[in-house]
There are 2 protein chains.
Amino acid sequence: MIYSTELIKGTLKTIVLKLLADNKRMYGYEITQRVKELTFDKIQISEGALYPTLHALESEGLLVTELEYIGKRVRKYYSLSPSGKSKSKEKLSELADFIETMKLLLDLKVKTA
Amino acid sequence: MIYSTELIKGTLKTIVLKLLADNKRMYGYEITQRVKELTFDKIQISEGALYPTLHALESEGLLVTELEYIGKRVRKYYSLSPSGKSKSKEKLSELADFIETMKLLLDLKVKTA
DNA sequence: GAAAATACATAAGATTCCGATGTATTGTAC
DNA sequence: GTACAATACATCGGAATCTTATGTATTTTC
């Protein structure tokens, strides 16, 4: 199944913040691949969506960056700032709560972990 | 908790289709109130979002309407067309699947029903 | 050495929602 | 009996966010 794109909207920031909370630092391309992996290709983040989002999170002060050279190629690592860490927790609990609400609202059968 | 608006994006059509699948027919204002009720005020659908969505679903052939007069006031009832019924099921299972995927991706602790 | 993968980025356009505004009727509280 | 809240429809400008396409360049793989 491939999700209709509108469904994924609004969750991208939360996904990015969560991945960075778990992984100390990641670079953009790595994030797209990790999400693809973890979701068995069901969610594929386009670069046109990801990079603007990363830049936005950075300018909000939630992410900090460091450049690294792999050979001649630049790689830009992102990691959470202190405020990014608390924002990450905030966003995650919001999403968890939202999912609970949607389950109630829609009578969804969601399997237990 | 009030959800950040971006989180709700992309689920409105599914919510509407599900409510109509359960309730035979509903009118716009009723939908906003029902959602508010069912979610304990956590999700409040604005009219500026709902009415265009209803019109869109109607022009896609998923909904049919009938006008009714309550005193002098017009009320527009929406109900699912045959294709609306199958679309409703489709959208619901997609959302259920998406929620599963998000749980995996984000390690969310979601309570059992 | 050609193609695929890695790795960044921007930009035009589409979609979708928010917030405000508009109109009108009906119910309620004082 | 009248002001206010609730009911009930609707549209519109603007904001936000994503899609698709494009661009540049390096590195790996076949």
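In what follows, chains are A, B, ... by sequence order, proteins preceding strands, each numbered from 1.
- Taking a 4.0 Å limit (strictly below) on heavy-atom distances, residues 83-90 of chain A does not reach DNA chain D anywhere.
- Within the 4.0 angstrom heavy-atom criterion, no nucleotide atom of any strand lies near B:I8.
- Sorted pairs that involve residues 78-97 of chain A and meet ring-ring contact (aromatic ring centres under 6.0 Å, His included), not counting sequence neighbours, are lacking altogether.
- Under the rule for a salt bridge (Lys or Arg N to Asp or Glu O under 4.0 Å), the partners of B:E6 that lie at least two apart in sequence or sit in another chain are A:K91.
- Base contact: A:S46 has a heavy atom under 4.0 Å from a base atom.
- Across residues 54-69 of chain A, A:H55 each have a non-hydrogen atom less than 4.0 Å from an atom of DNA chain C (numbered order).
- End-to-end axis angle of the helix from C:dG1-D:dC30 to C:dC30-D:dG1, from C1' rotation axes over five pairs per end: 30° (rounded to 10 degrees).
- Between the OH atom of B:Y51 and the P atom of C:dC18 there is a distance of 15 Å, rounded to whole Å.
- Both B:A49 and A:P52 lie close to DNA chain D; mapped to their nearest nucleotides by heavy-atom distance, the more 5′-ward contact belongs to B:A49.
- Each ring-ring contact (aromatic ring centres under 6.0 Å, His included) pair with one or both residues in residues 17-62 of chain B, not counting sequence neighbours, appears once here: B:Y27-B:Y77.
- Residues B:R75 and A:T11 each lie close to DNA chain D; by heavy-atom proximity, the contact nearer the 5' end of the strand is made by B:R75.
- Between the C1' atom of C:dA5 and the CD atom of A:Q44 lies a distance of 15 Å, rounded to the nearest Å.
- When the P atom of D:dT7 is taken as reference, atom CD1 of B:I31 falls 15 Å away, rounded to whole Å.
- Residue pairs meeting the salt bridge (Lys or Arg N to Asp or Glu O under 4.0 Å) criterion with at least one partner in residues 15-32 of chain A, sequence neighbours excluded, are A:K18-A:D22, A:R25-A:E66, A:R25-A:E68, A:E30-A:R34.
- Among residues two or more places apart in sequence or in another chain, the side chain to side chain contact (heavy atoms under 4.5 Å, CB included) test is passed with A:T101 by A:D97, B:Y3, B:T39, B:K42, B:I43.
- The 5' end of DNA chain C is approached more closely, in terms of each residue's nearest nucleotide, by A:G48 than by the other of A:G48 and A:K9.
- To the nearest angstrom, C1' of C:dA7 lies 16 Å from CZ of A:R34.
- Of the residues in residues 14-30 of chain A, those with a non-hydrogen atom less than 4.0 angstrom from any atom of DNA chain C are A:Y27, A:G28, A:Y29.
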With the criterion being N/O to N/O and under 3.5 Å, what pairs connect the protein with nucleotides 22-27 of chain C, and how long is each?
from: C:dT25; atom 1: O2; to: B:R73; atom 2: NH1; distance (Å): 2.4
from: C:dT26; atom 1: OP1; to: B:K72; atom 2: N; distance (Å): 2.6

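- The CG-P distance, from A:L50 to C:dA7, rounds to 13 Å in whole Å.
- The other residues sharing a hydrophobic cluster with A:Y69 are A:L67, A:V74, where clustering joins ILVMFWY side chains under 4.5 Å apart.
- Atom CG in B:L12 sits about 12 Å away from atom C1' in C:dC18, given to the nearest Å.
- Other residues sharing the hydrophobic cluster of B:V64, ordered by chain and number and joined by side-chain separations under 4.5 Å: none, the residue standing alone.
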